[in-house]
Structures are given as C-alpha cells and as structure tokens.
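Structure first, commentary second.
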There are 2 protein chains.
Amino acid sequence: MKFREAKNKFVQTWGALGSQWGINKTMAQIHALLMVSHEPVSMEDIMEELQISRGNASMNLRALMDWGIVYKEYKTGERREYFTAEKDLDELAVKISKERSKREIKPALKVLKEVSSIEADGTEEERHFVEQTSKLYDFVLKADNVLDKMTEHKDNWLAQILIKFMK
Amino acid sequence: MKFREAKNKFVQTWGALGSQWGINKTMAQIHALLMVSHEPVSMEDIMEELQISRGNASMNLRALMDWGIVYKEYKTGERREYFTAEKDLDELAVKISKERSKREIKPALKVLKEVSSIEADGTEEERHFVEQTSKLYDFVLKADNVLDKMTEHKDNWLAQILIKFMK
DNA sequence: AATAAATTTCATTTATTTTTGAAAGTTTAA
DNA sequence: TTAAACTTTCAAAAATAAATGAAATTTATT
C-alpha cells in the first residue's frame, strides 16, 4: 500500500468510526486528516482533499474547535487561517471524555434523578420503575466518576491504568 | 411528576442518548421500555406504547437480541412472544462493551495496523503519517485492553474500580 | 474608506437513515 | 393439511441529518 492510499483509507475509516459513535462523518474525516498532517492545513486544502464545500468545512471545523480538539493557527504574512489537531492522544481522549460527559451524560443524569424521584404508589409496576431508574442513576453516576478519575491522571494515564489492572 | 409522565420521559431520554452514541432511537427506546417493565412485554405492547409499526418493532427487537441485551420469553399456553431486557447493569455494560469492541474497535485496529505499516519513504509527510497512525494503533489497542480488563471483573466491577481510583 | 480576501451563515437541496406496511414465512393446534 | 395467530422481510415512503453554495459578514490591505 502506498502513502496516498493509506492516508485515504485512514481518513475513511476514522470517518466511519465517527458515524458509529454519533459523530458526523465529515467532522471525523477532517479530524483524521489534521491528525496525520505534519503541518497546519488550510480550509482550501481540506475542501480539496475531502471534496467538500466551503460551508461544510467551515461548520465542521467550528464544531471541532468547540470540542477543543482542533486549533486555529496563523502564519505570519498570510491572511488565511490554518488548522491543526490535538496530536497528544491522552489529551485528545480527555477532552472528548469531558465534553461528552458535559453535553450528554450530565443532562441524562439530571433526568434519571427526576424520574426516579416520583412518588411511587404501591403497585409493583411503579415500585419496579423507581427501583430500576434509581439503580441506573447510581450506575451512570459511578461510570461518569470513573471516567473523570481516570482522565485526571495527567501523563500517559491509559498505560498506568492498564498496568494497575494487569497486576 | 406522575408515573406515566416519568416513564415516558425516561424512554424519550434514553432514546435521545442512544442517538447521540450511534444507536438508533427506536432501538434505545424499546430497550428503555423493557428495562423498566416489571414483567415481559409483547411486541403488540411495544408497538402500542411507542406508536411504531410491527416491522420496526420486529427489526429492533432482533437487533437488541443480537446485542445480547434483550431476551425472548415464552408464556405457557400463549402463542405470542414476550421480551425482557437484561436488568443487571454490570452485565449490560459488559455486553455492550464487548459487542462494540468486536464490531467497531477491532476492525478499526486492523486498518490502523495496515496503514501504519506502509513503507514510508524519507519525506517528512510520510514519516509523520506512520508515526501518528502507529501511536493511534497503540493507544486504541491499550484502551480496548483496559475496557476488556475492567469488564472481566465479575461482580460490581464499576464500584470496585471507583474505589481503586479513589485511594 | 474603498477594495479585496477570506470566512460564516443559513435557506435550500441532497444523501442517508429509519420507518412503514403488506406480502411472505413460520409455528401451533384443531 | 389447513387455517389462524403470529413474526419476519424488504421495497417503497417518510423522516432526519448533512451538504451545498451564494449572500452576508468579517478582517486585512492599499
């Protein structure tokens, strides 16, 4: 396999993986492209390489920056903007974890707390609902905390954790 | 909030959360419904409660069973099939982890290995590509292993892990 | 302050995913 | 062996999500 082919395959695969995890394909592809680029890339280049429109590129770059995993860069004497991706994978994972927690897990927890707090009358049906949603609340809260604890280990946390579990 | 309202809110929220993580909304809703039902539910009931078609119910129940998190049950003397969800949350998380690993992570790892193994000529561009995809391969492999190790702790693994990290 | 270069926005179009529903298939029991 | 009860399948329709592209906006330059 040659470089061009490999790069393309990587971008496509990362895009597909993104889709499967609820991230829009183009957003994941742009991210992939920036991850393996050794120097900052302009919007023009991204449009060209992924064959997408200016609007699409602009919106997804904005989204990636909102996630905190892509940065704008300026080159002196150049008007156009360049982009780079967070290349430290530990840092990347931490940012994604924190963001998903904030956007998706925390709001879900709020709802779980609400619905598990209803005044259940005596019926088996209601009793079971409250029990199950309470358990779910506890579980999700615990999972969210585990993720938080894991990612607060600063350097090379994944390796450290793996070692911990191995022994 | 009353029971009906709470149940509906839970189902909707679980459905939305599913979408955000790449699981189709109806599939997540059916799962939610079964999770909080104290007794097995028929396809008819599901169609009625979620206002969906027979085909939709059938296909998503099949998918949930393929994931190993919903089971068919038969009632003696009754022809129709009933469904229940895995209610043990530790077990549920383990099954989802294993399945996503098998379906999504493992294939992605295979590609990462391929593309990181190209014969890079001397250019900075190719050198960087190989380095970055290699790192990514290592990272994803490690993450996959961590998940595997975590979920093989049989009982109440999440709590155990949390304790581990607290100290 | 006028022009040029680049970026963002968003109504519309396009693509993708999900859902429907009716026909085909399966199972059970008379 | 057939017919009723129930489930699955899948082509077509509907709903949803994503992408386009041109106008509006912003930013830099003369």
Side-chain angles (χ1 to χ4, degrees), chain A residues 11-34 40-67 70-84 100 103-104, chain B residues 11-34 40-67 70-84 100 103-104:
Chain A
V11 169
Q12 297 307 322
T13 302
W14 207 241
L17 196 63
S19 298
Q20 291 172 318
W21 288 78
I23 286 133
N24 123 8
K25 189 187 65 176
T26 302
M27 185 170 152
Q29 286 181 342
I30 294 176
H31 181 244
L33 186 62
L34 294 180
V41 182
S42 71
M43 202 155 88
E44 211 68 43
D45 295 337
I46 292 168
M47 289 164 57
E48 166 63 26
E49 185 124 3
L50 300 180
Q51 291 291 300
I52 58 174
S53 71
R54 191 172 295 286
N56 196 6
S58 174
M59 298 210 330
N60 282 302
L61 280 165
R62 147 81 41 215
L64 285 163
M65 288 189 293
D66 289 347
W67 276 71
V70 161
Y71 313 113
K72 236 180 217 177
E73 290 201 5
Y74 298 96
K75 291 194 181 179
T76 46
E78 284 223 43
R79 192 126 154 202
R80 71 177 53 181
E81 299 170 333
Y82 287 80
F83 300 89
T84 44
R100 294 208 90 147
R103 296 184 192 199
E104 296 153 12
Chain B
V11 169
Q12 297 308 322
T13 301
W14 207 240
L17 196 62
S19 298
Q20 291 172 318
W21 287 78
I23 286 132
N24 123 6
K25 189 187 65 177
T26 303
M27 186 171 153
Q29 287 181 339
I30 294 176
H31 181 245
L33 187 61
L34 295 179
V41 182
S42 71
M43 200 155 86
E44 212 68 44
D45 295 337
I46 293 168
M47 289 163 57
E48 166 63 26
E49 185 123 3
L50 301 180
Q51 291 290 302
I52 59 173
S53 71
R54 190 172 295 286
N56 196 5
S58 174
M59 297 203 345
N60 284 114
L61 280 166
R62 147 83 39 218
L64 285 163
M65 288 188 294
D66 289 346
W67 276 71
V70 160
Y71 313 113
K72 236 181 216 176
E73 289 200 5
Y74 297 96
K75 290 194 183 180
T76 46
E78 285 221 43
R79 191 121 155 207
R80 71 177 52 179
E81 300 169 336
Y82 287 82
F83 301 89
T84 45
R100 294 207 89 147
R103 297 184 191 200
E104 296 153 12

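Remember, predicted model here, so these are calculated numbers, not experimental data. Within every chain, numbering begins at 1; the chains are lettered A, B, ... in the order of the sequence lines, protein sequences first and strands thereafter.
A sub-4.0 Å separation between OP1 or OP2 of D:dT27 and a side-chain N or O of A:K72 is absent. OP1 or OP2 of C:dT19 sits under 4.0 Å from a side-chain N or O of B:T26. The side chain of B:N24 places no N or O atom within less than 4.0 Å of a non-bridging phosphate oxygen (OP1 or OP2) of D:dT16.
The interatomic distance linking B:I52 (CD1) with C:dG21 (P) rounds to 12 Å, in whole Å. Regarding A:Q51, its CD atom lies at a distance of 14 Å from the P atom of C:dA15, rounded to whole Å. In this entry the distance linking CE of B:M47 with P of D:dT8 reads 12 Å, nearest Å. Taking atom CG of residue A:N56 and atom C1' of nucleotide C:dC10, one finds them 13 Å apart after rounding to whole Å. Going from atom CZ of A:R54 over to atom C1' of D:dA24 covers 15 Å, rounded to whole Å. Here the P atom of nucleotide D:dA19 and the CE atom of A:M59 are 8 Å apart, to the nearest Å. Distance, A:E48 CD to C:dA6 C1': 18 Å, rounded to whole Å. B:K25 places its NZ atom 6 Å from the P atom of C:dT19, with the value rounded to the nearest Å.
In the set D:dT20, D:dT8, C:dT8, the nucleotide with an atom closest to the side chain of A:S58 is C:dT8. The side chain of B:S53 sits closest to C:dT19 out of D:dT27, C:dT19, D:dA5.
Residue B:E81 is classed as a sugar-phosphate contact, given heavy-atom separations below 4.0 Å to backbone atoms only. Among the heavy atoms of the strands lying under 4.0 Å from B:R80 are primed sugar atoms or P, OP1, OP2 only; no base atom is included.
Nearest heavy-atom pair across B:G15 and B:Q29 is CA-CG, 3.8 Å.
Checking A:I52, A:V70, A:N24 one by one against A:I30, the side-chain contact (heavy atoms from CB on, under 4.5 Å) holds for a single residue, A:I52.
With hydrogens and angles ignored, no donor-acceptor pair closer than 3.5 Å exists between the side chain of B:R79 and the base of C:dA29.
The shortest distance between side-chain heavy atoms of B:K72 and B:F83 falls below 4.5 Å. The shortest distance between side-chain heavy atoms of A:L61 and A:I46 falls below 4.5 Å.
Between A:G77 and A:M27, the residue whose closest nucleotide on DNA chain D is further toward the 5' end is A:M27.
Pair assignment for C:dT28: D:dA3, on the basis of Watson-Crick or G-U wobble contacts that are both within less than 3.5 Å.
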Side chain to side chain contact (heavy atoms under 4.5 Å, CB included) assessment of B:M47 paired with B:R54: CA-CA 6 Å; B:M47 289 163 57; B:R54 190 172 295 286; 3.7 Å; yes

